Number of protein chains: 2
Amino acid sequence: MTTIRDVAKKAGVSVATVSRFLNSTGYVSQEAAEAVSAAVAELKYELNPVARSLNTKKSNLIGLILPDITNPFFPELARAVEDIALTYGYTVILCNSDEKPEKEKNYIETLKKKYIAGFIVTSNQSDAPHYANANLPIVALDRIINEKIPTISSNNKEGASLGTKALLDRGCKNILFLRGPEDLNPANDRYEGFMETIQQVDANYHVVSCPFHFADSQKIVEQMLRDHPEIDGIFASSDVSAAGALKAAALLGIAVPEKLQIVGFDGVALGEMLTPGLTTVAQDVYKMGAIATRVLIKRIENQEIDHQFYEVPVKLVLRGTTRSGIE
Amino acid sequence: MTTIRDVAKKAGVSVATVSRFLNSTGYVSQEAAEAVSAAVAELKYELNPVARSLNTKKSNLIGLILPDITNPFFPELARAVEDIALTYGYTVILCNSDEKPEKEKNYIETLKKKYIAGFIVTSNQSDAPHYANANLPIVALDRIINEKIPTISSNNKEGASLGTKALLDRGCKNILFLRGPEDLNPANDRYEGFMETIQQVDANYHVVSCPFHFADSQKIVEQMLRDHPEIDGIFASSDVSAAGALKAAALLGIAVPEKLQIVGFDGVALGEMLTPGLTTVAQDVYKMGAIATRVLIKRIENQEIDHQFYEVPVKLVLRGTTRSGIE
DNA sequence: CTGAAAGCGCTTACAG
DNA sequence: CTGAAAGCGCTTACAG
């Protein structure tokens, strides 16, 4: 392994000068710069990041803490984070928290010892002291942790409004809203968006809490559809729940979209594979991850960030679970 | 930050003794051990992994190189790797390669500088010198890289045989096999399993190459179904392709499973969400990831490993795209 | 069984 | 503008 000493020797300067040149910190004469540059090229020298970390107490590691990579929302997020991180020379460490504060805390502690540069976090711990006290650059994704931590999120409220209108515009008069878990910020924003929109018009509606889980959603919807045969539209707060709703309709022999129209939320790949294809409010998950990463890196590198709160637009994707014509 | 010096001072011994105690290497008297142990507890001392790495040229980082975490096969794999790694005190770095040797090579190089402990790799580069020459513990997943690298894989051939028989047993006489990409080991093993099984019986069959991609599969199947209306069974080498087939059937108005039965391969969550639910040959992806991680860690820690090749059993999951009774 | 000392490969005041 | 030297926090022969 060739070290900074070898370079210094070859270039006829001290290691201090080489270090200054490499980090573009402090003055280096033109002459010295050229000599060092040549030596680096000739020896194919590459700086040892571990040795550097030990000195600077910083690394180019980014921690990505999310509940569970297995949840279809997160792979694309992880992909975006990794892509952008790579661009800036950072490396990402994957941390599945299962939403457990213990696991989150644990990761923060062990990675701090590795001089991790910062964290991107998706968590429900609305008041999470381990983040607030981490004393490290952190960016929150999808869910606000506290006002000091920059947050990137979809425009959930507007999205919910869009989805609701899609159903109303297509003639639905009795809408079932599948509300997500009540301790989830985005789910609550969607709920608000639905409520504001539905209450402005003359339509009946039901709201039911429903986890973002396929089989559970299916059961809940099946029961609702049995008890309330007048329901002619379902707006689910997630695509997985919407898939459950679609399955329930199929089992009960209710024609979609003729008798019942369904709209989901998320825009995951699953949607197009269903039959009929799922109309949904699509989030730009990749973009969320990309922005989060850029903001985090700015924080790490002590650059100014534009906002404390970034809202990424959503868009309605029309497919087969809604009728084509607007009435 | 409390260092090994502080501990040594408090315990009244040298840092060398503390280090020996901490690493259980070399002799430490009972007396010294107790003093150090007490000092560690009192000071809440925790070893600095970066400083250690610089000396030992090892870390507890594991690199997970996979084509794309966005592909539904990989999240569960990543989850398993992370879970097991955590158990043994390792941390995992996520690397999306897009199957590009350049990116793979790049990751290997930059992570080697960080003294990465080893890699778990899923790659199609059947002859990948950058792995063979990495001079690091590596375990291959799903796809054999070379005979020196331990490999974990599903029993693809037997799985394909299972899937084929499922169709045959339920009366299919004209089977379409959607073969995966020809440069993919697992896809080829599945092809072999299909061929061996189908050729033992009196049945017609077609084989068509088909990427593991929803829309492409749908188109290919639609065409085949048009050209060969006698097809009464489809065996797809992946669930995503099977989903495409199911969609194609729906568009053509072919009743599944009455007129056409479909079997997939993978066992991803998508399968149960489709209507009808997808019968599939399920891989135990989590188990594959878990075994791969354990084998890698054994290699890293210089323990003997039992085999060079681990084959994880698959199982047939029967759902709605096949008929219930065996004829 | 133990400690002094060198070393891992860098960075960073500081003096010149 | 530059170099000698100390230091980051550990590990590891080596001598005793």
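Predicted, not measured: the structure shown is a model, and the values here were computed from it. By convention in this document, chain letters (A, B, ...) are assigned in the order of the sequence lines, proteins followed by strands, and residues within each chain are numbered from 1.
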Using a 3.5 Å cut-off and no angle test, enumerate the donor-acceptor pairs between side-chain atoms of residues 30-40 of chain A and protein atoms at least two apart in sequence or in another chain.
unit_1, atom_1, unit_2, atom_2, d
A:Q30, NE2, A:E34, OE2, 3.0

B:Y115 meets the ring pair (Phe, Tyr, Trp, His ring centres under 6.0 Å) criterion, sequence neighbours left out, with none
Contact under 4.0 Å: A:S29 side-chain N or O vs D:dT2 OP1/OP2:
yes
When rounded to whole Å, the CE to C1' distance for the pair B:M1 and D:dC8 reads 10 Å
The correct set of residues in residues 47-60 of chain A placing a heavy atom under 4.0 Å from DNA chain D is A:L54, A:N55, A:K57
When rounded to whole Å, the CZ to P distance for the pair A:R5 and D:dA4 reads 10 Å
The side-chain hydrogen bond (donor to acceptor under 3.5 Å, both in side chains) partners of A:N23 (sequence neighbours excluded) come to A:S19, A:R52
Separation of D:dC1 atom P from A:F21 atom CZ, nearest Å, is 14 Å
Residues pairing under salt bridge (Lys or Arg N to Asp or Glu O under 4.0 Å) where one sits in residues 112-123 of chain A, two or more places apart or in two chains, turn out to be A:K113-B:E46
Here the salt bridge (Lys or Arg N to Asp or Glu O under 4.0 Å) pairs for residues 7-17 of chain A, sequence neighbours left out, are A:K10-A:E42
A correct dot-bracket answer for DNA chain C, with pairs being Watson-Crick or G-U at under 3.5 Å, [ ] for crossing pairs and | for inter-strand pairs, is |||.||||||||.|||
Under 4.0 Å between a side-chain N/O of B:S19 and OP1 or OP2 of D:dT11, yes or no?
-> yes
OP1, OP2 of D:dA4 versus side-chain N and O of A:S14: anything below 4.0 Å? no
Numerically ordered, the residues 110-119 of chain B set in heavy-atom contact under 4.0 Å with DNA chain D is none
Side-chain atoms of residues 75-85 of chain B: list all donor-acceptor pairs with protein atoms under 3.5 Å, sequence neighbours left out, distances to 0.1 Å.
unit_1, atom_1, unit_2, atom_2, d
B:R79, NE, A:D68, OD1, 3.0
B:R79, NH1, B:D83, OD1, 2.6
B:R79, NH1, B:D83, OD2, 3.3
B:R79, NH2, A:D98, OD1, 2.2
B:R79, NH2, A:D98, OD2, 3.1
B:E82, OE1, A:N96, N, 2.5
B:E82, OE1, A:N96, ND2, 2.9
B:E82, OE1, A:Y107, OH, 3.2
B:E82, OE2, A:Y107, OH, 2.2
B:D83, OD2, B:Y286, OH, 2.5

note: B:D6, atom CG; D:dC10, atom C1'; distance rounded to Å ~ 13 Å
Sorted by chain and number, sequence neighbours left out, side-chain hydrogen bond (donor to acceptor under 3.5 Å, both in side chains) with B:T122 holds for none
Counting only heavy atoms from other residues, nucleotides and ligands, does the tally under 6.0 Å from CG of B:N135 exceed 12? no
Does the side chain of A:D142 reach to within under 4.5 Å of the side chain of A:F73, using non-hydrogen atoms?
-> yes
Would you indicate what A:Y45 reaches in the nucleic acid, counting non-hydrogen atoms under 4.0 angstrom: base, sugar-phosphate, or nothing? sugar-phosphate
By ring pair (Phe, Tyr, Trp, His ring centres under 6.0 Å), B:Y310 pairs with (sequence neighbours left out) B:H307
Given the options A:V139, A:L64, A:V121, A:L296 meets side-chain contact (heavy atoms from CB on, under 4.5 Å) only with A:V139
To the nearest 0.5 Å, atom CD of A:E104 lies from atom CD of A:E109 at 12.5 Å
Hey, does the side chain of A:S154 reach the backbone of A:N156 with a donor-acceptor pair shorter than 3.5 angstrom? no
When rounded to whole Å, the CD1 to P distance for the pair B:I4 and D:dC8 reads 14 Å
Kindly give the atom pairs (protein nitrogen or oxygen, nucleotide nitrogen or oxygen) under 3.5 Å for nucleotides 13-16 of chain C.
none

Rounded to whole Å, the NZ-P distance (A:K9 to C:dG9) equals 13 Å
